[in-house]
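Read through the structure below, which is laid out as structure tokens, and then see the notes.
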Amino acid sequence: MRPSRPLTSEVLAAALARAAVRSGLSDAPPAAEISVPHQAGHGDHSSNLALILARAAKKPPRAVAEALVAALELPPDLIEKTEIAGPGFINFTLSREALWHSVQAALTEGLAYGASGGGAAAPVQVEFVSANPTGPVNVVNARAAAVGDALARCLRARGHAVQTEFYVNDMGTQIDLLGRSLRARLEERLGAGPGTIPEGGYPGEYLADAARSFAEAEARSLLDGADDGRIARRAVEEMLGRQRRDLESYGVAFDEWFRQSALYPPGSQAVFEALETLRAAGFVAEREGAQWFLSTRFGDEEDRVLVRGNGEPTYFLADIAYHVNKRRRGFGRVIDIWGPDHHGHIPRMQAAVRALGHEEGWLEILIVQQVNLLREGTVVKMSKRAGEFVTLADLVEEVGVDAARFFFLMRRTDSHLDFDLSLAKMRTVANPVFYVQYGHARIASLVRHAGAAERGPGLLDGAEPGPMVSDAERILMKRIADFPEVVAGAADAREPHRLTGYLRELAADFHVFYERCRVVGEAPPLMRARLALAAAAGATLEAGLSLMGVSAPESM
RNA sequence: GCGCCCGUAGCUCAGUUGGAUAGAGCAGCGGAUUUCUAAUCCGCUGGUCGGGGGUUCAAGUCCCUCCGGGCGCGCCA
């Protein structure tokens, strides 16, 4: 771990807060917000602090801004110009030295560029995908995998210790049905029985494929035993193995695969302990032979069953026990990423977390919304009844890992996503992932053409920003300097999709620079400066793509 | 019926936690290349931010209401 540097916006916010106290405008340091204006002419960073303080100070915002600026003490060489604009905004323009410092940082830090400190002391857990082991990883799972993995990487870059986890629902009715479905497929394969998929079972071809993949001796042994539970357990292991392989070839590996069954006897009493904890707190009632959680006390629409009339714990109770377990493992914060079919469960889960006495905000639940696959502008139909749906493996085969992961991060997580398969395969500018990767390949080619021995910090030898005076160069440097702010924002707001927008802009800024600024053939001082700048843009593209699990090609 | 998500340019969507003149990409039209990847770049056209009310110095953003689309509402997981 390299030492993390503070963000420019954090430096400015702290300086403004001190200035507010020093100038008597505020007793305690106010939480100053710094934004990065998209409007040219509004500086590189902007603060609305004067507008916020004006009311309490009973002074015009511009007068407050002037008092703040007068009391401002900034680090040397960071800001070239501080001006008051509009109704009272304080706009900062970064110095050339500060911009060049970002170029140096990108080249020196490489894939670690973009990291910033300030992470929580306690580790953060991100749980995602958690697909039922009754079928292949589907496209919504694939979206969740892209989002969860990218978010985990952004959080790490933000300084958090992060653990990723996949929750395996290896209990319950669905697993019984999975086992009986596999039995039918084994019978079919060996000609040893009716081979009928049970009602509500899993008729997809993948189980037949699984049955065929077993050694014949094992297949016979499974069928000979009368124990359906043994087949079910074997089926779970088989499906889990397939899910894990699909996800690994997609570039997503989990730190932990947590089994629901680990919360049940004989190995554990966690499910019943969770029930007793809630009961002791007075939030459990018995009705009609079942045990109910009084979740309406915490704003849920209705109370929820924890233990059924037949004595079986519900999935919900197991989920509560699971979150008790997460808490015991010491996570200071837990982020669950759920599919669209679970969004109705958020109030009851948050109710349970509150009933257990965990602090507000300990559990964050993000919903990954559904995905519509489009081919040539029309929706690709998936038949749930026949158990046929487009899988992660199908998707990767059709468009590749890079396009899949990039496309899943082009939209907000909680928005429905139209995934245009035709566009994802295009080898043109119209395809955003292509455009960004092409930028990286072009930079790699440029550096090769310049005859440089490497694309790293060695390019800084003898390079100074002085000769670079054009807008295109400054804009590109500024974009590179923004990257750590973007990564921090993506992590803090749990919005990894910000990366795709940023990388398209960075690639666009580079392409403009490339069109307007020759590198090879210019006088050595200018050539060295531009080559370092281009390589820094390439390093930033690579670092950003890496946070999304997308490759940065050397040539295309 | 209740709950959640969504509604921004012809299309697909951003909009940095309430900021300054609402931005990209695609599509359309017109341009740029004796030179490092033209797989690129530049310019133009395109908007009652679904409608209406409210909160305030400031609303695409927050609140209320209506319209329209999606999803969810089991002692399944």
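So you know, we letter chains A, B, ... as the sequences are listed, proteins then strands, and number each from 1. All values derive from a computational prediction rather than experimental measurement.
Protein atom CZ of A:Arg304 is 13 Å distant from nucleotide atom P of B:C76, rounded to whole Å. Atom CG in A:Asp482 sits about 20 Å away from atom P in B:A14, given to the nearest Å. Atom NE2 in A:His440 sits roughly 17 Å away from atom P in B:U40 (whole-Å rounding). One can place CG of A:Asp414 at 17 Å from P of B:U17, the figure rounded to the nearest angstrom.
Below the 3.5 angstrom threshold, one finds a donor paired with an acceptor across the side chain of A:Ser46 and the base of B:A20. Below the 3.5 angstrom threshold, one finds no donor paired with an acceptor across the side chain of A:Asp341 and the base of B:G72.
By the 5.5 angstrom centroid cut-off and the 30-degree plane limit, A:His42 is classified as stacked against the base of B:A20.
Scored by the side chain to side chain donor-acceptor pair (under 3.5 Å) test, A:Tyr264 finds A:Gln260 as partners (sequence neighbours excluded).
The residue A:Val512 sits close only to the backbone: its heavy atoms come under 4.0 Å of sugar-phosphate atoms, none of a base. When heavy atoms are screened at a 4.0 angstrom cut-off, A:Ala54 is found touching no nucleic acid atom at all. Within 4.0 Å (heavy atoms only), A:His343 reaches at least one base atom of the nucleic acid. Within the nucleic acid shown, A:Thr173 comes within 4.0 Å of sugar-phosphate atoms alone, with no base atom in reach, counting heavy atoms only.
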(request) Would you sketch RNA chain B in dot-bracket for me? Only Watson-Crick or G-U wobble pairs with both distances under 3.5 Å count, crossing pairs as [ ], other-strand pairs as |, the rest as dots. (result) (((((.(..((((.....[...)))).(((((.......))))).....(((((..]....)))))).)))))....

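On the P atoms, B:U55 is 32 Å away from B:G10, given to the nearest whole Å. When the C1' atom is used for both B:G25 and B:G68, the distance is 26 Å, rounded to whole Å. Spacing between B:U16 and B:G7 at atom P, rounded to whole Å, works out to 13 Å.
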